[in-house]
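Working notes for the structure below.
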Number of protein chains: 2
Amino acid sequence: MWFTLAYRIKCTVSYDGTNYNGWQKQVNQPTIQGQIEASIQKLHNGLYIKTHGASRTDSGVHANNQVFHFDTELDLAPYRWKIAINNYLSDDIYIKKVEIVGDEFHARYDVKKKEYKYYVNLNEYNPLLRDRMHFERRNLDVELMKKEVKEIIGRHNFKSFTGGTIYDNYVREIFDASITINNGILEFTFIGSGFLRYMVRTIVGTLIEIGYGKKNNIKEILMSKNRNCAGKSESSVGLYLDKIWY
Amino acid sequence: MWFTLAYRIKCTVSYDGTNYNGWQKQVNQPTIQGQIEASIQKLHNGLYIKTHGASRTDSGVHANNQVFHFDTELDLAPYRWKIAINNYLSDDIYIKKVEIVGDEFHARYDVKKKEYKYYVNLNEYNPLLRDRMHFERRNLDVELMKKEVKEIIGRHNFKSFTGGTIYDNYVREIFDASITINNGILEFTFIGSGFLRYMVRTIVGTLIEIGYGKKNNIKEILMSKNRNCAGKSESSVGLYLDKIWY
């Protein structure tokens, strides 16, 4: 009889999603999770170790603070894990923080709330911002958008604002939603219990359409529970998984 | 007998230098000028038209407002030129402004002064800033750097701060040089009559070395007229050609 000491490792990671087909590992596609698992595999002499991410960010979406965990028998101090995993990652993915946590912690199931940011450049097109913000050339009624975004706060069925995935339950709780504008850059903030696929991008796309006068009522779109009533899902380049609370 | 009406076109252009081997056209290398001339050539049914840039930015260097001119027999309004040239450019180069100017104007010879910016990230490494700012992990004495940067203001022989090109005259006049810090991002500003090759990057590299205690006197380095006395030429990723005055 024997037992092996194992450790659960929690990592916080930032990445530029531009060159990846999203977080989730896929065969023959570059993904964030695929890159990270390849790095961790090298540190374990070729042994595959599964990682569990908090959020499956889509293709092109960025993260300031995504979280994942994995289990290992390797006994390393957190700062050594951080150096070691980063060592095999390319410069567009960066492990910011490593913590050794108890085996009751789960990066996905224990999420209390998440924050997403979305940026829109209302100034002239800028090639230096092209993979960091959505560029919008139309004039927007930002005051109207600021008012309408408040309608998504609360517990709602968000079926109108998702696509591509079937859920058992479309109800999510949004704790805060706001828009600020600074030097012609719109910053959207969404804090919620969880988000459906394309939900933030579809809310942003709908608010932009409201801003240029095409659609006009978030409340009605929510009540319709019909994806066709909402606006288009806006580009992934402006979306950032910003923060996760446990 | 006949004469042909010709127009001189002045363009202001912004670009992300990451994927280019600098401004100046080279055979079999992607360059900003090469891309722009290919676009203008298409607009002239295959006729090659030479462009004259204000500044030969190096590989990886960005521009907020580079200027170039060319001559054409095509009679188009400025806003049409802007749409037409941008139409054949990829999304990392963008013509911001087109003006029809007199044939006495020259984008390179008529420059009165130029402004360069250089950005250094003193916070933790951020993959989303990796091609936009130099990342510096050492602690810097920013107050000392702010004091030392003032030593380059004035007319000086900058031979200590250039390399790779032989000049007849190494004297340039710097009208202003300053450093500000905001949320852990250092912003260097240099305004001068002209700049030698690698000059801004070598001044920044030397100031960073001053900041962590390696070198300590810009004035002495200037007087030495010896490249070996200055610090290293800092990475191109943080450098922006920001503004040109005529």
Legend entry - Partner set under ring-ring contact (aromatic ring centres under 6.0 Å, His included) for Y7(A), not counting sequence neighbours: none
Inset, instruction - Measure from the side-chain N and O atoms of R132(A) to the backbone N and O of L129(A), and report whether any donor-acceptor pair falls under 3.5 Å. - result: no
Inset, instruction - Would you please indicate yes or no on a ring centroid separation below 6.0 angstrom for Y240(A) and Y119(A)? - result: yes
Legend entry - Residues forming a ring-ring contact (aromatic ring centres under 6.0 Å, His included) with F68(B), sequence neighbours excluded: W23(B)
Inset, instruction - Report, as yes or no, whether the 6.0 Å neighbourhood of atom NZ on K117(B) holds more than 12 heavy atoms from other residues, nucleotides or ligands. - result: yes
Legend entry - Contact origin within N86(A) toward chain B - heavy atom pairs under 4.5 Å: neither
Please list every donor-acceptor pair under 3.5 Å in which a side-chain atom of residues 75-83 of chain A meets a protein atom from a residue at least two apart or in another chain.
| unit_1 | atom_1 | unit_2 | atom_2 | d |
| --- | --- | --- | --- | --- |
| W81(A) | NE1 | L76(A) | O | 3.4 |
| K82(A) | NZ | K96(A) | O | 3.0 |
| K82(A) | NZ | E124(B) | OE2 | 2.4 |

Inset, instruction - Could you please state which residues from residues 191-210 of chain B sit under 4.5 angstrom from chain A, measuring non-hydrogen atom to non-hydrogen atom, sorted by number, or 'none'? - result: none
